[in-house]
Number of protein chains: 2
Amino acid sequence: MTTTVREPRYRRMNETRCRTCSLSSLCLPLALEMPDMDQFDAIIQRHAPLKKGEVLIHQGTPFNSVFAVRSGSLKQVVNEKGEEQVSNFYLPSELIGLDAIDEGIYPGRVHALETTTICEIPFNKLDALAQQLPELRTQLYRSMSKELRDDRRMLRLLSSKTADEKLASFLISLSARFRRRGYSPYSFRLSMSRSDIGNYLGLAIETVSRVLGRLQQQGLVATSGREINILDMSALERLAEGEDAP
Amino acid sequence: MTTTVREPRYRRMNETRCRTCSLSSLCLPLALEMPDMDQFDAIIQRHAPLKKGEVLIHQGTPFNSVFAVRSGSLKQVVNEKGEEQVSNFYLPSELIGLDAIDEGIYPGRVHALETTTICEIPFNKLDALAQQLPELRTQLYRSMSKELRDDRRMLRLLSSKTADEKLASFLISLSARFRRRGYSPYSFRLSMSRSDIGNYLGLAIETVSRVLGRLQQQGLVATSGREINILDMSALERLAEGEDAP
DNA sequence: CGCTTTATTGAGAATCTTCAATCTTAGTGG
DNA sequence: CCACTAAGATTGAAGATTCTCAATAAAGCG
């Protein structure tokens, strides 16, 4: 590891390391000390960025790796009997593929919503390292647990809320995820289409449009295409919780 | 461990062991050989059965253990701003509490729907043992991954299906879970009320009633109170997939 | 700059919910 | 053992929300 020549090829493409990655405090190596982080870093495979629309994972292919999003965003689409359903969005620092461990195949197609860079983490190496590093093991449990909790929150959202509440919750969730990684929670750009949002939330695309219009009229948000400005966060939160219904 | 006297008190209450448990092939020790299973067995805490309605976990209490259901069933209820939402049902061999690891507190109240016995597994001991036993570690990942996948399936169900499809999916899911542990997939008893089902599926209780009536009229199932008989599984599956809509 | 995709808006139709009344079941105590 | 009560389940009718169909507008892409 002393000369550039000994570096594997993918290193040449991208000199990024976990220790210099701005997301490391949100990602799997979160709790690792420097020497441990370098060990972790060594198992990561980094690839050329995905262009918009490019597929990272094809549905049904064998599970070998989990993937951490470094920049950009992706959606997971599950195809069931011809029906396509958006079942998740992935933003930077989030892990893709944890839902594939059990069956050993990826349950859906995952593709980039914009130019996206990814860290691939071979799972057998991750597990071997996790055996040695309790902090990494803990973080892996926590990542999976967090996804479980987020999914349950989503379940509650879908099973009990009106269209307005769903959309408010969706925007707040995105907002919180942007805030967490240092971006403005008030102003951001949706990388997904209205159709994706509708499909994800179980709403017709027209309903998504109408609700966004309604939220805008009420002065809660301002939208311009895919640009979102949250004008009244607390009112939006109240709406998401179903407290006031105008 | 040579004399009965040295056994801790809860052992006296229940001589059950993993190696004699009929669920062991579905539960965490699934992949363990005998000596390893005994090690696992030693960290389990077994308690007196919960009576119907008794609370296993209070929402917001600190996470220390995961719980495996040995017999009976439970529901998880999340209370958010006074609104109560059923977010999961747990049947024998399923693990409770995996969604609590990340935040370190249990996200909902869990109580017994009927007389229920539980194995408590202190998480720090489980993790310590998982460090030594790769098979146990794998099984823990798989359990969490399976829950993730199940939750995603549920998300798709909630976001895209009609009331009839939701209920058909719900019955098929229960059926599959009974089949998996050796019970009849065609004839079983619901331990949850119509109200619980409706709350869980995002339907009014009246809708649950009406849909069950409809399914009965169509000859797909026969119901008598909480007794369910599935008469035409393939038609029910087709309905759940949204293929034919009469 | 034109073309394709994506988004908005309107009107009618369908589904689900709500409200209300009735029926059934399960649990309790005489 | 039966009656009684409370909780759970069913059924009907009216109302609300969301969906579908359709037409138009805007935006993104080559």
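Since the structure is predicted, the reported quantities are computational estimates derived from the model, not experimental observations. In what follows, chains are A, B, ... by sequence order, proteins preceding strands, each numbered from 1.
Heavy-atom contacts from other residues, nucleotides or ligands closer than 6.0 Å to CD of A:Glu84 number more than 12.
Summarising the geometry, the separation between CD1 on B:Ile197 and C1' on D:dG8 is reported as 12 Å, rounded to the nearest angstrom. Here C:dC16 presents its C1' atom at 18 Å from CZ of B:Arg194, a figure rounded to the nearest Å. The distance from atom CD of A:Glu227 to atom P of C:dA7 is 13 Å, rounded to the nearest whole Å. Between the C1' atom of D:dA9 and the CD atom of B:Gln216 lies a distance of 13 Å, rounded to the nearest Å. When the P atom of C:dT25 is taken as reference, atom CG of B:Leu190 falls 15 Å away, rounded to whole Å. A:Glu165 has its CD atom 14 Å from the P atom of C:dT17, to the nearest Å. Between the CZ atom of B:Arg189 and the C1' atom of C:dT25 there is a distance of 10 Å, rounded to whole Å. Whole-Å rounding puts the A:Asn199 CG to C:dT6 P distance at 13 Å.
For the OP1/OP2 pair of D:dC29 and a distance below 4.0 Å, the side-chain nitrogens and oxygens of A:Lys52 include at least one atom meeting the criterion. Residue B:Arg226 has no polar side-chain atom (N or O) positioned under 4.0 Å from OP1 or OP2 of C:dT25.
Residues B:Arg194 and B:Ser209 have side chains that never bring a donor and an acceptor to within less than 3.5 angstrom of each other. Defined by atom type and a distance below 3.5 Å, a donor-acceptor pair is missing between the side-chain atoms of B:Glu120 and B:Asn64. With 3.5 Å as the limit, one finds no donor-acceptor pair spanning the side chains of B:Asp99 and A:Ser145. Side-chain contact annotation: A:Asp232 with A:Gln218, donor-acceptor N/O pair under 3.5 Å absent.
Annotation for B:Ile44 and B:Cys18: closest pair CG1-SG, 4.4 Å, computed over non-hydrogen atoms.
Checking B:Lys52, B:Lys75, B:Glu54 one by one against B:His111, the side-chain contact (heavy atoms from CB on, under 4.5 Å) holds for a single residue, B:Lys75.
Using a 4.0 Å heavy-atom criterion, one finds that B:Ser193 contacts the sugar-phosphate atoms exclusively.
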Between protein and nucleotides 14-26 of chain D, map the contacts as a letter string: B base, S sugar-phosphate only, - none, heavy atoms under 4.0 Å, written 5' to 3'.
----SSBBB----

